[in-house]
Amino acid sequence: MAVNELQSTRKPPISQIGAVLWLRTNLFSSWINGFLTLASLYLLYIAIPPLLDWMFLSANFNFGTVNILGFDIKFSEVMADNDSCGREAACWPFIYEKLYMFIYGFYPREEVWRPDVFYGLTALLIVIVRLVRNYKYKNRVILSMIVTYPIVSYILIAGGFGLLPVVETHQWGGLLLTLIIASVGIIISFPIGVVLALGRQSDLRVIKLFSTLFIEFIRGVPLITILFMASFVLPLFLESGANFDKLLRALIGIALFQAAYFAEVVRGGLQAIPKGQYEAADSIGLSYFQKNVLIILPQALKISIPNIVGSSISLFKDTTLVLIIGLMDMLAMVNMTSQDIYWLGRETEGYVFVTMVFWVILYSMSRYSRKLEIRFNTENIN
Amino acid sequence: MTTENNASNIIEISELNKWYGDFHALKNINMNVKEGEIIVVCGPSGSGKSTLIRCVNFLEKFQEGGILVDGTELTDDAQKIRKIRSEVAMVFQHFNLFPHLSIVDNLTLAPIWVHNETKEESREKALKLLDRVGIKDQAEKYPNQLSGGQQQRVAIARSLCTTPKIMLFDEPTSALDPEMISEVLDVMVELAREGITMICVTHEMGFAKKVANRIIFMDEGQIVEENDPEQFFKNPESDRLKLFLKQILTH
Ligand SMILES: Nc1ncnc2c1ncn2[C@@H]1O[C@H](COP(=O)(O)OP(=O)(O)O)[C@@H](O)[C@H]1O
Ligand SMILES: [Mg+2]
């Protein structure tokens with residue numbers, strides 16, 4: 001019998017590792033690929049420097065003296081106005097002056113602490129969700145927050161109940177309104193989506209048919225039409241008629257819209273659960289409700305988390321459509337603020353600013369979803 | 001085939017017919033099981049063995065005939081089905097443990113949610129059962145941290161947790177690596193000797209010889225032959241059974 005000696009390990013040939021390999025496989029793997037690489041570099045070269053110049057190098061940062069967290073920071077002697085800013089580059093003092101509207105809309109200035117506490121709570125909530133690692137706790141923390149956060153936020157922002165002065169919904173605006181629409185939309189639509197997903201898998205024909213029709217109808221029309229319907233058609237069916245709050249109408253429309261998308265995401269998760277799980281749950285005598293709540297949904301939702309976050313990101317972007325029915329979200333504020341006769345013609349700054357705010361929020365969400373996805377893919381414990 | 005109406009029959013299946021669409025999967029099945037009896041069901045793949053035992057706890061609906069389990073007639077009534085399922089436990093080929101729950105939580109689920117037991121008493125009982133199937137030290141682990149044989153023993157413990165009168169096994173060892181088969185069969189033999197009623201679909205003929213009171217041979221949706229173990233192997237009557245025995249005993 002032949003016995004082979006143990007071989008020592010070697011490094012791969014030099015042409016197969018490092019920067020050279022990376023360049024060759026990713027950027028110059030063929031003539032066409034190489035050409036596209038060079039063309040893209042050229043496009044970046046003609047686009048990026050002027051943009052950087054407009055946003056930073058030639059831009060006007062004369063905010064005057066700004067108080068940040070109790071410190072007076074002096075940017076310039078006086079704040080620039082529309083005339084002293086040039087037209088060739090960004091005039092950031094415009095954003096600075098209108099910042100209140102971008103963040104709070106027409107919320108009364110003397111009550112501004114309330115949205116501030118709301119923002120603080122939201123940030124705290126995100127930190128808590130990210131810090132609590134233990135699973136059992138995490139579910140409990142998230143669950144209790146899903147219940148308390150909307151209630152606390154509502155009392156805080158809307159007031160009433162004899163606790164705080166009422167602030168009417170038409171005074172809400174800017175980022176505040178964007179966040180409210182997105183988070184209420186997501187929180188309300190999620191349970192509806194889960195029920196619809198289960199309904200679509202149901203053995204009961206009527207429920208299955210209703211769920212399927214609802215989901216396919218909603219998914220077959222653009223959000224704008226649903227918003228219009230919620231805004232103009234819904235009041236026809238309601239007693240209070242036109243007095244019915246405009247924001248509430250939009251929220252109903254958005255919640256129904258998003259529910260249909262969540263339903264499809266959750267259905268994807270449900271379909272990944274092996275038949276054996278249903279059979280085992282049935283065979284030990286669990287009821288339909290127990291089977292779904294204890295066995296099927298915990299597994300299905302967990303698989304769906306990345307897609308749930310993805311779908312929430314889409315909704316977040318879609319909330320900008322509410323400006324069509326006259327709600328003053330962050331994007332609508334661009335139009336609003338640039339109609340100020342002292343700041344005419346500063347839409348560009350507004351759009352760039354709003355774009356960046358959206359990008360920061362959405363990019364963080366998508367990074368988070370990517371992280372979750374990686375964690376669930378590698379995690380085999382439960 | 002005898003269908004005498006014996007009071008000690010815990011399962012009575014009469015004139016059972018089942019179709020999947022147009023496909024006639026079970027044809028005129030008559031079968032009685034006495035309390036404490038151990039029945040082994042065998043037959044070629046696709047002969048309807050799984051379908052038959054899945055009808056007994058109503059995992060499959062059937063179109064004709066009747067099944068009486070411990071005096072309760074199987075109907076569509078959800079209440080009755082749950083009652084029967086709490087008396088009839090099932091062990092599956094692929095274990096079907098709940099992967100998101102720890103081993104002990106897999107066991108205590110039905111006692112807590114179906115039988116309204118407290119967490120403490122069901123946990124105590126679960127640990128005893130895990131001890132009995134030899135995996136008490138794995139109680140806090142999750143199913144996919146265990147080997148196939150261990151998982152199947154957990155599945156058996158889970159089905160025992162509600163103290164069923166009847167156990168159904170659907171090829172409990174055929175998804176296992178050869179070296180793990182005996183650890184599961186040992187648990188089953190022990191159960192059989194304790195007097196629980198069992199219907200077991202398996203091709204483990206050693207197990208059948210050791211504990212079965214009767215062996216049933218199925219083919220093409222019918223019961224072709226049934227006999228006590230000795231006669232079953234010594235004097236098979238039908239050609240199909242002779243062929244089947246030749247195939248599985250030589251292999
Ligand atoms: N859900 C189903 N739909 C349609 N046909 C089925 C279904 N389940 C089983 N069958 C068919 O019924 C027959 C019996 O199946 P089964 O009881 O699983 O056989 P066995 O367990 O003896 O291998 C097979 O021909 C199988 O293809
Ligand atoms: Mg089978």
Side-chain angles (χ1 to χ4, degrees), chain A residues 133-140 142-143 194 198 201-208 266 268-306 308 372 375-382, chain B residues 50 53-54 56-61 76 78-103 105-116 140-146 151 154-155 158-162 164 166-170 175:
Chain A
R133 286 258 170 263
N134 180 308
Y135 251 105
K136 277 211 164 108
Y137 279 129
K138 191 158 195 157
N139 289 343
R140 251 172 251 173
I142 290 179
L143 221 68
V194 171
L198 290 174
Q201 306 256 301
S202 170
D203 291 335
L204 301 171
R205 287 285 162 79
V206 185
I207 291 178
K208 186 181 174 124
V266 172
L270 287 174
Q271 278 170 340
I273 307 299
K275 222 174 121 220
Q277 292 290 306
Y278 290 87
E279 292 176 349
D282 282 336
S283 77
I284 62 173
L286 296 181
S287 67
Y288 175 82
F289 184 76
Q290 290 170 337
K291 174 174 67 177
N292 280 298
V293 171
L294 298 170
I295 307 297
I296 306 301
L297 284 176
Q299 299 182 59
L301 292 183
K302 197 163 165 190
I303 309 172
S304 320
I305 283 179
I308 290 170
L372 285 175
R375 201 164 88 217
F376 288 145
N377 283 343
T378 51
E379 182 178 78
N380 59 1
I381 288 185
N382 51 344
Chain B
S50 301
I53 67 164
R54 288 155 61 86
V56 174
N57 68 348
F58 218 67
L59 278 186
E60 296 288 354
K61 290 183 180 173
D76 251 334
Q79 212 64 36
K80 269 190 193 169
I81 292 172
R82 285 187 77 183
K83 180 180 175 291
I84 283 169
R85 282 178 181 161
S86 66
E87 288 176 21
V88 183
M90 186 160 206
V91 175
F92 300 87
Q93 182 175 358
H94 296 286
F95 334 133
N96 298 357
L97 295 176
F98 305 128
H100 62 301
L101 299 176
S102 68
I103 298 302
D105 287 344
N106 262 276
L107 267 67
T108 57
L109 196 74
I112 290 174
W113 292 95
V114 184
H115 302 273
N116 301 316
E140 302 303 331
K141 288 196 179 166
Y142 283 86
N144 51 12
Q145 293 173 297
L146 269 53
Q151 289 192 46
V154 172
R158 176 176 73 180
S159 65
L160 287 172
C161 231
T162 50
I166 302 162
M167 300 255 312
L168 308 171
F169 290 86
D170 192 357

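Letters A, B, ... are given to chains in the order of the sequence lines, protein chains preceding strands, and every chain is numbered from 1.
For A:Q290, the part lying near chain B is the side chain, with the backbone staying farther off; criterion is any non-hydrogen pair under 4.5 Å. Of the two parts of B:V88, only the backbone, made up of N, CA, C and O, holds a non-hydrogen atom closer than 4.5 Å to a non-hydrogen atom of chain A. B:L97 touches chain A through its backbone: at least one of N, CA, C or O sits under 4.5 Å from a heavy atom, while the side chain does not. Both the backbone and the side chain of B:F98 come within less than 4.5 Å of a heavy atom of chain A.
Note that CD1 of A:I284 and CG of B:N106 are 8.0 Å apart. Values are rounded to the nearest 0.5 Å. Considering CG of A:L294 and CG of B:L109, their distance stands at 5.5 Å, rounded to 0.5 Å. Distance check: B:H94 NE2 to A:E279 CD gives 10.5 Å after rounding to the nearest 0.5 Å.
Evaluation of the side chain to side chain donor-acceptor pair (under 3.5 Å) rule for B:E87 yields B:K83 as partners, not counting sequence neighbours.
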Item to complete: Please report the C-alpha distance between A:D282 and B:N57 in whole Å, then the side-chain angles of each, then the deciding distance to 0.1 Å, and finally whether the side-chain contact (heavy atoms from CB on, under 4.5 Å) criterion is met.
Response: CA-CA 9 Å; A:D282 282 336; B:N57 68 348; over 6 Å; no

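The one candidate from B:R54, B:R85, B:M90 that meets the side chain to side chain contact (heavy atoms under 4.5 Å, CB included) condition with A:S283 is B:M90.
Here the closest heavy-atom approach between residue A:G285 and residue B:R82 is recorded as O-NE, 2.9 Å.
Residues A:V293 and B:W113 are not in side-chain contact: their nearest non-hydrogen atoms beyond the backbone lie 4.5 Å or more apart.
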